[in-house]
Amino acid sequence: MGTGWHGSNRRAELPPDWPAIRARIWARDHGRCQWPTDTGPCHWPGRDVDHRADPHDHSDTNLWVLCGWHHDRKTAAEGNAARRRFSTKRPPEPHPGLL
């Protein structure tokens with residue numbers, strides 16, 4: 001597994017048969033990254049089986065193999081989106097001249 005698992009509780013949320021599911025997806029994708037590019041899938045050697053969207057949907061259509069580069073960037077984008085969505089930062093106050 002990639003270093004993204006460090007400090008994560010995601011492993012506890014995976015189904016008990018995750019090793020079998022992971023092996024099936026790995027075989028289906030031939031262990032190659034499926035991230036879409038202009039010329040087709042990335043096809044670099046895979047590092048992780050990842051959820052395309054819903055992290056609680058473990059169906060084959062929601063799972064794919066990703067290389068470390070694409071998995072790290074996807075995870076970072078999801079984390080940044082969550083921070084913006086759940087920010088406790090106050091919105092900026094309008095400039096006094098605009099009141």
Would you mind reporting whether [Y] and [X] have side-chain heavy atoms less than 4.5 Å apart?
| X | Y | value |
| --- | --- | --- |
| Lys74 | Leu66 | yes |
| Cys67 | Cys42 | yes |
| Leu63 | Ile21 | yes |

Between CG on residue Leu14 and CZ on residue Arg22, distance to nearest 0.5 Å =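 Those atoms lie 10.5 Å apart.
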Output yes when a side-chain donor or acceptor of [X] lies under 3.5 Å from a complementary backbone atom of [Y], and no otherwise.
| X | Y | answer |
| --- | --- | --- |
| Asp48 | His71 | no |
| Arg73 | Trp69 | yes |
| Asp57 | Ser59 | yes |
| Arg32 | His43 | yes |

ask   = When you check the side-chain N and O atoms of His51 and His58, is any donor under 3.5 Å from an acceptor?
value =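 Yes, a side-chain donor-acceptor pair sits under 3.5 Å.
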task = Using a cut-off of 6.0 Å, state whether more than 12 heavy atoms not belonging to Trp26 lie near its atom CH2.
result =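 Buried by this count: over 12 neighbours within 6.0 Å.
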query = Are Trp35 and Trp44 an aromatic pair by the rule of ring centers under 6.0 Å?
reply =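 Judged by ring-centre distance (under 6.0 Å), Trp35 and Trp44 do not meet the cut-off.
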key: Note: Arg24-Asp29 ion pair, threshold 4.0 Å (strictly below)   =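 Salt bridge: no.
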request  = Take Val49 and Trp64 through the side chain to side chain contact (heavy atoms under 4.5 Å, CB included) test and state the conclusion after the steps.
outcome  = CA-CA 5 Å; Val49 171; Trp64 57 354; over 6 Å; no
Asp72 and Arg47: CA distance, side-chain angles, deciding distance, side chain to side chain contact (heavy atoms under 4.5 Å, CB included) verdict = CA-CA 10 Å; Asp72 290 348; Arg47 184 185 74 189; 2.7 Å; yes
